[in-house]
Engineer: 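Please read through the structure below; I'll follow up with questions.
What's counted below: heavy atoms across the whole structure, side chains too, no hydrogens, waters or symmetry copies. No experiment lies behind these values; they were computed from the predicted model shown.
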Amino acid sequence: MVIPRQSLARAAPVLVLLGLCLGISLLDAHFLSLGNLIRVAASAAAPLTLALGVTFIILMGSIDLSIEGSMAVTAAALCAFVANSAGTGFDLGLLALPLALATAAAFGCIVGTIHVAMKVPSFMVSLGMGFVGTGLATVLLGGERVQILDPSIRALALSRLAGVPLAVYVAAFMLLIAWYVQDHTRLGRHIMALGGGEDLARASGVAAGRVRILAFTLAGVFFGIGAILACARLGAGSALIGSGQLFTAISAVVVGGTALTGGKGGVFNTLVGVLIVMVLNNGMIIIGLPTFVQQGVLGVVIIGAVLLNTPLRTLSVVK
């Protein structure tokens, strides 16, 4: 019996994840130990949150390359709020988190507004704003790495519930929020509609511009959560807090089966994609592969995922 390509494409990410787990465990039994699986989950918390934000943008058929800049601005805001409260007798603590998130949401809103109002391609405006965010954070932090010693923030990485870091629970909660937005809100349905065909969506009454701005704002919130988790784990904030996270997040979305053309995939695909990337990285470290080999393997996996999830026969032009 011949398995249809579409069915194979849907099942491929899960099969790849299971195959990776089996293959790595055969090479090193330590991989499936509880301690190592918790480490994989902990390392996946921030990337998953970031990738969830990217998912909404890619589902629209757009792209957001401002992740590193958004994380830098969030880290700078978090450090500023916490540092300004030090020695005043009033510890902002967890109150600094919504303030930092508001900054991240505003950053995403600016990206979306420029994209819609000035009709600048999402690729260029998000790339440019990413550099703006990193530069702004560098100025605000004086180019320094600022320690975050607030116990309530550090608890996200250091405290555990049932042996699992709190950051993992935060990421799981954000996954549920993303799923609810995607499947049970008008915004989620309109995002999918834009990715499936913007002209048809507009003809159906979808306010494309407003949806795009809201989607970029929502993505900014997820980037902000990811930045906070990264700061909590490192115990510090800097303009380079998001270095390398752009590649990881977009790789995870694509590997999970969300099409770059939009309208296909979703947040649970992204979860599988993040786990594939994290398991692959963890396994290659356990096996002892050099860093450059790890990057090459991940690159091959990404190209394979794009080939599998792109309907090449239906595309008249490949850009």
Side-chain angles (χ1 to χ4, degrees), residues 1-52 54-55 157 160-172 174-176 179 226 229-230 233 244-260 264-310:
M1 181 179 65
V2 179
I3 301 176
R5 175 188 171 92
Q6 188 175 7
S7 299
L8 179 61
R10 283 197 298 264
V14 176
L15 295 176
V16 169
L17 178 59
L18 294 176
L20 280 174
C21 292
L22 177 60
I24 296 172
S25 64
L26 291 176
L27 293 174
D28 192 326
H30 175 68
F31 171 76
L32 290 179
S33 67
L34 180 60
N36 187 61
L37 292 179
I38 290 177
R39 278 192 292 273
V40 171
S43 64
L48 173 60
T49 307
L50 297 171
L52 290 172
V54 178
T55 301
R160 295 184 173 231
L161 180 61
V164 179
L166 291 181
V168 176
Y169 294 102
V170 173
M174 296 307 297
L175 173 63
L176 292 177
W179 163 76
L229 294 178
R233 189 174 187 185
Q245 295 295 338
L246 172 62
F247 177 72
T248 301
I250 294 182
S251 299
V253 175
V254 174
V255 169
T258 296
L260 288 171
K264 174 189 172 185
V267 297
F268 286 112
N269 295 76
T270 296
L271 171 63
V272 175
V274 170
L275 291 178
I276 288 175
V277 173
M278 293 297 108
V279 166
L280 190 60
N281 286 338
N282 182 265
M284 289 188 293
I285 291 173
I286 289 177
I287 295 171
L289 292 180
T291 302
F292 64 89
V293 175
Q294 297 177 28
Q295 295 172 342
V297 171
L298 184 57
V300 171
V301 170
I302 293 170
I303 294 174
V306 172
L307 291 175
L308 190 61
N309 288 291
T310 302

Engineer: Search all heavy atoms of Ala167 against all heavy atoms of Leu229 and return the closest pair with its distance.
Structural biologist: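 Result for this residue pair: CB-CD2, 3.9 Å.
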
Engineer: Do Met174 and Leu48 make a side-chain contact, defined as non-hydrogen atoms from C-beta onward lying under 4.5 Å apart?
Structural biologist: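 Side-chain contact under 4.5 Å: no.
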
Engineer: side-chain hydrogen bond (donor to acceptor under 3.5 Å, both in side chains) with Asn36: which residues, sequence neighbours excluded?
Structural biologist: Asn282

Engineer: What are the two closest non-hydrogen atoms of Ala230 and Ala46, and how far apart are they?
Structural biologist: N-CB, 4.4 Å

Engineer: Just by modelled atom types, is the Val164 backbone N or O under 3.5 Å from a matching donor or acceptor in the Tyr169 side chain?
Structural biologist: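 Such a contact is absent between Tyr169 side chain and Val164 backbone.
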
Engineer: What residues, two or more places apart in sequence or in another chain, satisfy side-chain hydrogen bond (donor to acceptor under 3.5 Å, both in side chains) together with Arg39?
Structural biologist: His30

Engineer: Taking the side chain as every heavy atom from C-beta outward, state whether Cys21 and Val279 have any atom pair closer than 4.5 Å.
Structural biologist: yes

Engineer: Please give me the minimum heavy-atom distance between Ser43 and Met278, naming the atom from each residue.
Structural biologist: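 So the two residues come closest at O-SD, 3.7 Å.
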
Engineer: Restricting to side-chain hydrogen bond (donor to acceptor under 3.5 Å, both in side chains), what partner residues turn up for Asn281, sequence neighbours left out?
Structural biologist: none

Engineer: Nearest heavy-atom pair of Ser25 and Leu22: which atoms, and what distance?
Structural biologist: OG-O, 2.7 Å

Engineer: For Ser251, enumerate each residue passing the side-chain contact (heavy atoms from CB on, under 4.5 Å) test, keeping only those at least two apart in sequence or located in another chain.
Structural biologist: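 Partners of Ser251 under the side-chain contact (heavy atoms from CB on, under 4.5 Å) test: Phe247, Ile302.
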
Engineer: Looking only at heavy atoms, which two atoms of Ala45 and Ala171 are closest? And how far apart?
Structural biologist: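 Between these two residues, the closest heavy atoms are O-CB, 3.6 Å.
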
Engineer: Only counting residues at least two apart or in another chain, list the ones meeting side-chain contact (heavy atoms from CB on, under 4.5 Å) with Ala249.
Structural biologist: Leu50, Ala51, Val54, Ile67

Engineer: Once side-chain contact (heavy atoms from CB on, under 4.5 Å) is applied, do any residues pair with Ala157, and if so which ones, sequence neighbours excluded?
Structural biologist: Ala232, Arg233

Engineer: Which residues pass the side-chain contact (heavy atoms from CB on, under 4.5 Å) test with Leu280, sequence neighbours left out?
Structural biologist: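 Expected list: Leu20, Met284, Val297, Leu298, Val301.
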
Engineer: Quick one: does any side-chain atom of Ser33 pair with a main-chain N or O of Ala29 as donor and acceptor, under 3.5 Å?
Structural biologist: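 Absent.
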
Engineer: Where is the tightest heavy-atom contact between Leu37 and Leu32, given as atom of each residue plus distance?
Structural biologist: CD1-O, 3.7 Å

Engineer: Enumerate, atom names and distances included, each donor-acceptor pair closer than 3.5 Å involving a side-chain atom of residues 268-276, sequence neighbours excluded.
Structural biologist:
unit_1, atom_1, unit_2, atom_2, d
Asn269, OD1, Gly266, N, 3.4
Asn269, ND2, Gly256, O, 3.2
Thr270, OG1, Thr55, OG1, 2.6
Thr270, OG1, Gly266, O, 3.3

